[in-house]
S.K.: 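A single structure is presented below for examination.
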Amino acid sequence: MSTRNLNRRGFIGAAGVVGLGLAGAGSLTACGAGSAAKGGGAKASAKLKLPTYVAANVPTPDLAGNAQGLDPAYLRYPKDLARSAGKKPGDGKPVTVLTETFTTAAPAMDRNAYWQEVNKRLGSDLKMTIVNGLGAEDVYRSKFNATIAGGELPDLMWFPPNQGLKDVPALLEAKFHDLTSYLSGDAVKKYPNLANIPEFAWKTAVFNGKIWGVAVPYGRQGQVYVANEDFWKPVGGVQFDDAQDFFDKAKELLDTRRKKYVLEPAYVNHIGQFAMWHGAPNGWRMDGGKLTHLFETDEYFAGIEFALKCQQAKLFWPDPNLATTLEKMEGGTLGLHVQSFPGFLSDSMMYDWPAKIVVPFAAKKGMTPSYGYGYGSVGFTGISKNVSKDRVETLLQVINYLSAPFGTEERLLLDNGLEGTHHTRTKDGDVVLNRKGNAEVITTKLAISFFANAPQTLYLPGKPDTTRAIHEAEVELMKIGKINPTTGFFSDTNASEGASSTSAVYDGVIDIVAGRKPLSSFKKELLPKWQRTAGDAMRREFEQAIAASKK
């Protein structure tokens with residue numbers, strides 16, 4: 001779990017890497033979309049046929065992926081691209097969209113050659129209302145709610161998985177088209193790029209046994225522990241037998257006189273990693289129909305204890321407000337930090353220091369470590385009932401085009417704009433954005449990627465060895481990956497109180513590790529308060545929804 005919000009660093013990171021479909025929610029998000037409101041209607045979800053998965057017909061990747069979330073990887077940009085769309089999908093009428101961004105505002109359409117070219121290829125002008133979420137946590141939610149209240153809904157609206165939207169099932173029934181008949185089972189094959197979206201992503205677009213939108217795929221990897229390999233060379237590299245071995249090596253490398261520390265000061269992020277060494281669940285654990293939250297487990301408490309041990313040994317950077325983590329990592333004065341997977345990919349593209357993912361290992365002999373999968377989706381895009389029913393298929397074809405996978409002509413345009421105008425090719429065939437590309441493509445593409453995108457593909461121009469190493473790390477992470485059992489189920493309490501109650505726990509945990517509160521306060525104060533304010537209600541609502549889906 002993390003106090004770093006996905007919608008900031010994670011999205012920004014993903015936007016900066018050519019060839020990355022925005023992907024990888026992970027434990028950076030709060031639980032979101034689901035298949036039932038308060039358990040009611042979940043029964044129908046068991047009968048629903050999710051869209052049939054059909055892998056895209058694209059050039060064979062150098063390193064294979066799979067439908068379970070392993071990302072395919074290309075060591076060079078493929079030469080012979082496929083085409084995933086036929087004629088222009090639009091009908092000449094504007095397509096209005098509410099979406100979000102977390103980077104510099106895109107140049108307006110009338111002075112944005114990239115946006116104009118996308119419109120030309122679509123056959124309809126994409127008129128996006130782009131909410132910039134850099135200013136405040138709830139800015140998109142406020143705009144979304146205001147739009148709903150005003151009644152003038154755009155054609156397409158992005159439903160985020162982690163921004164606390166309330167009464168989502170009722171809202172969908174009242175204001176949005178039910179897309180089940182268009183997308184369930186083999187019906188999705190009419191939109192081949194949507195059929196290429198894996199099943200785990202579609203689950204976040206299902207409520208009350210119906211498909212209410214097009215899932216926006218995102219890589220399934222969650223947070224990762226990232227080390228500077230050079231930092232750890234004096235103790236034999238980034239290899240650890242167990243937690244004590246890690247601790248001993250970290251203490252050996254600590255050099256406070258030279259301001260060389262081992263861990264970034266984001267205590268909560270490290271506790272999440274330490275808990276996985278002990279085999280912690282991903283958000284919740286289901287046993288015999290009963291849910292236990294991560295906070296209630298011995299594994300999470302062990303993570304707090306180990307973080308406190310590290311703090312007492314002065315392994316954390318002393319300034320808790322450190323704003324130059326990556327610079328310290330690159331400079332070799334910091335050994336480890338926690339990052340969203342897309343952020344890590346972006347870092348790997350921009351920096352030259354030898355970054356390596358530390359795959360969770362057993363804290364003690366006989367334990368089995370774990371790794372928390374993300375949703376594999378950043379929500380879904382609904383089609384409002386302001387759109388006539390006879391135009392629904394047109395809008396689905398537009399989204400299908402914008403969801404073109406890596407290895408297609410369409411994705412080359414969507415990720416990189418026009419050759420010569422926005423990007424150039426190296427002698428090895430790699431695609432590199434120029435100044436205009438960074439100004440137009442990156443900023444505009446991010447807004448598009450929030451409401452329509454392809455599954456993640458690994459491609460880092462000019463860095464085949466780094467790409468290979470990341471793919472190898474994914475393979476190892478997936479061997480111990482765990483799914484959050486509440487994914488695909490809705491809890492009103494989680495939507496309204498989940499984020500704030502979780503933040504309160506994290507604030508208290510930070511106080512414990514910093515030495516401002518005793519360790520005992522976690523079980524005596526923080527955990528009981530969390531259970532009273534939100535935890536027990538979330539548990540009850542999720543259990544009811546899950547049980548109903550099995551009847």
Side-chain angles (χ1 to χ4, degrees), residues 1-2 26-28 68-70 220-227 232 235-253 262-264 266-288 290-313 315-316 335-339 341 356-374 472-487 505-506 509 512-513 519-520 522-523 526-527:
M1 305 297 283
S2 172
S27 54
L28 295 168
Q68 289 69 50
L70 177 63
R220 207 178 190 189
Q221 310 305 320
Q223 286 185 300
V224 287
Y225 222 179
V226 183
W232 294 89
V235 292
V238 189
Q239 300 290 334
F240 309 105
D241 297 332
D242 52 31
Q244 187 60 46
D245 182 49
F246 171 89
F247 182 79
D248 293 341
K249 289 176 177 177
K251 280 185 64 178
E252 185 176 339
L253 292 170
V262 183
L263 308 175
E264 68 168 329
Y267 304 147
V268 169
N269 290 351
H270 292 281
I271 290 169
Q273 296 294 318
F274 300 156
M276 288 191 288
W277 298 355
H278 291 79
N282 181 2
W284 294 86
R285 172 182 289 148
M286 174 66 79
D287 186 10
K290 300 297 181 182
L291 288 169
T292 301
H293 192 269
L294 171 68
F295 293 159
E296 300 169 310
T297 65
D298 292 339
E299 294 92 331
Y300 190 75
F301 190 73
I304 299 174
E305 288 182 306
F306 192 77
L308 182 58
K309 179 179 178 179
C310 290
Q311 172 63 5
Q312 291 169 343
L315 297 182
F316 287 102
L336 274 169
H337 77 124
V338 183
Q339 178 63 292
F341 192 76
K356 182 176 182 178
I357 292 175
V358 181
V359 176
F361 51 88
K364 295 180 181 178
K365 187 176 181 180
M367 287 185 174
T368 301
S370 62
Y371 179 70
Y373 280 134
E472 290 172 353
E474 280 196 13
V475 171
E476 296 304 313
L477 290 170
M478 292 186 69
K479 291 178 181 178
I480 54 174
K482 290 188 176 182
I483 300 169
N484 185 330
T486 66
T487 298
V505 173
Y506 287 158
V509 167
I512 290 172
V513 178
L519 179 62
S520 60
F522 181 79
K523 292 184 177 179
L526 292 176
L527 185 57

S.K.: Check whether any side-chain heavy atom of I271 sits under 4.5 Å from a side-chain heavy atom of V513, and report yes or no.
M.R.: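 They are in contact (side-chain heavy atoms under 4.5 Å apart), so the answer is yes.
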
S.K.: So which atom in A473 and which in I357 form the shortest heavy-atom distance, rounded to 0.1 Å?
M.R.: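 The pair with the smallest heavy-atom distance is CB-CD1, 3.8 Å.
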
S.K.: State, to 0.1 Å, how close L477 and V224 come at their nearest heavy-atom pair, and which atoms those are.
M.R.: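 Here L477 and V224 meet closest at CD1-CG1, 4.1 Å.
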
S.K.: When the aromatic ring centroids of F316 and H270 are compared, is their separation below 6.0 Å?
M.R.: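 Distance test on ring centres: under 6.0 Å, yes.
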
S.K.: State, yes or no, whether a side-chain contact exists between N282 and P485 at a heavy-atom distance under 4.5 Å.
M.R.: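 When only atoms from C-beta onward are counted, P485 and N282 do not touch, as no gap falls below 4.5 Å.
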
S.K.: With D298, which residues qualify under salt bridge (Lys or Arg N to Asp or Glu O under 4.0 Å), at least two apart?
M.R.: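 Residues passing salt bridge (Lys or Arg N to Asp or Glu O under 4.0 Å) with D298: none at all.
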
S.K.: In sequence, state the C-alpha distance, the side-chain angles, and the governing distance for F341 and E474, and then conclude on side chain to side chain contact (heavy atoms under 4.5 Å, CB included).
M.R.: CA-CA 10 Å; F341 192 76; E474 280 196 13; 3.1 Å; yes

S.K.: Indicate the atoms forming the closest heavy-atom contact of A227 with V358, along with that distance.
M.R.: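 Minimum heavy-atom separation between A227 and V358: CB-CG2, 3.8 Å.
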
S.K.: Out of K364, R285, K482, which residue meets the salt bridge (Lys or Arg N to Asp or Glu O under 4.0 Å) rule with E299?
M.R.: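 With E299 as partner, K364, R285, K482 yield a single salt bridge (Lys or Arg N to Asp or Glu O under 4.0 Å), made by R285.
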
S.K.: What distance separates W284 CH2 from F295 CZ, expressed to the nearest 0.5 Å?
M.R.: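 W284 atom CH2 to F295 atom CZ measures 9.5 Å (nearest 0.5 Å).
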
S.K.: Quick one: side chain to side chain donor-acceptor pair (under 3.5 Å) partners of K309, sequence neighbours excluded?
M.R.: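 Result, side chain to side chain donor-acceptor pair (under 3.5 Å) vs K309: Q244.
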
S.K.: Report yes or no: does W277 contribute a side-chain atom to a donor-acceptor pair with the main-chain N or O of D242 at less than 3.5 Å?
M.R.: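 Side chain of W277 to backbone of D242, a donor-acceptor pair under 3.5 Å: no, none is there.
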
S.K.: Please name the pair of heavy atoms, one in G283 and one in N484, separated by the smallest distance, quoted to 0.1 Å.
M.R.: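 Shortest heavy-atom separation between G283 and N484 comes out as CA-ND2, 3.8 Å.
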
S.K.: Go through the structure and list residues passing salt bridge (Lys or Arg N to Asp or Glu O under 4.0 Å) with E296, not counting sequence neighbours.
M.R.: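 E296: salt bridge (Lys or Arg N to Asp or Glu O under 4.0 Å) contacts with R539.
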
S.K.: Locate the shortest heavy-atom distance separating M276 from G372; write the atom from each residue and the value.
M.R.: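 Heavy-atom minimum between the residues: SD-N, 3.5 Å.
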
S.K.: Please enumerate all residues that pass salt bridge (Lys or Arg N to Asp or Glu O under 4.0 Å) together with K356, with sequence neighbours excluded.
M.R.: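 Result, salt bridge (Lys or Arg N to Asp or Glu O under 4.0 Å) vs K356: none returned.
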
S.K.: I want to check something: taking the side chain as every heavy atom from C-beta on, are V268 and V338 in contact at a cut-off of under 4.5 Å?
M.R.: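 No, too far: nothing below the 4.5 Å cut-off.
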
S.K.: If the condition is ring-ring contact (aromatic ring centres under 6.0 Å, His included), which residues does F247 pass it with, not counting sequence neighbours?
M.R.: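 For F247 there are no ring-ring contact (aromatic ring centres under 6.0 Å, His included) partners, ignoring immediate neighbours.
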
S.K.: Rounded to the nearest 0.5 Å, what separation is found between the CD1 atom of I512 and the CD atom of Q311?
M.R.: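 I512 CD1 to Q311 CD: 13.0 Å, rounded to 0.5 Å.
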
S.K.: Does any part of the side chain of W232, heavy atoms only, come nearer than 4.5 Å to the side chain of L336, both counted from C-beta?
M.R.: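 The answer is yes, as the side chains (C-beta and beyond) meet within the 4.5 Å cut-off.
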
S.K.: Please work out whether the ring planes of F240 and F361 are parallel, tilted or perpendicular, with thresholds of 30° and 60°.
M.R.: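 Answer is tilted, since the angle falls between 30° and 60°.
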
S.K.: Quick check: do Y300 and H278 have side-chain heavy atoms less than 4.5 Å from each other?
M.R.: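 Result no, sub-4.5 Å side-chain heavy-atom pair not found.
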
S.K.: So do the side chains of I483 and R220 get within less than 4.5 Å of each other, counting heavy atoms only?
M.R.: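 They are in side-chain contact.
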
S.K.: Do K249 and E252 sit within salt-bridge range, that is, some charged N less than 4.0 Å from a carboxylate O?
M.R.: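 Result for this pair is no, no salt bridge flagged.
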
S.K.: Please round to the nearest 0.5 Å and tell me the distance separating atom CD of Q339 and atom OH of Y225.
M.R.: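 The distance works out to 13.5 Å.
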
S.K.: What distance do N269 atom CG and L263 atom CG have between them, rounded to the nearest 0.5 Å?
M.R.: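 The CG atom of L263 is 11.5 Å from CG of N269, to the nearest 0.5 Å.
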
S.K.: Kindly compute the distance separating OH (Y267) from CZ (F274), expressed to the nearest 0.5 Å.
M.R.: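 So the gap between those two atoms works out to 11.5 Å.
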
S.K.: Does any non-hydrogen side-chain atom of D287 lie less than 4.5 Å from one of T292?
M.R.: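 No, their side chains stay 4.5 Å or more apart.
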
S.K.: Using the test ring-ring contact (aromatic ring centres under 6.0 Å, His included), find all partners of Y371 that sit at least two apart in sequence or belong to another chain.
M.R.: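 Result, ring-ring contact (aromatic ring centres under 6.0 Å, His included) vs Y371: none returned.
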
S.K.: Checking the side chain of S370 only, and the main-chain atoms of A280 only, is there a donor and an acceptor separated by less than 3.5 Å?
M.R.: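 Yes.
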
S.K.: Within the structure provided, determine whether V505 and F522 are in side-chain contact (heavy-atom separation under 4.5 Å).
M.R.: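 Side-chain contact under 4.5 Å: yes.
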
S.K.: Using 0.5 Å steps for rounding, measure from the CZ atom of F301 to the CG atom of L527.
M.R.: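 Spacing of CZ (F301) from CG (L527) equals 10.0 Å.
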
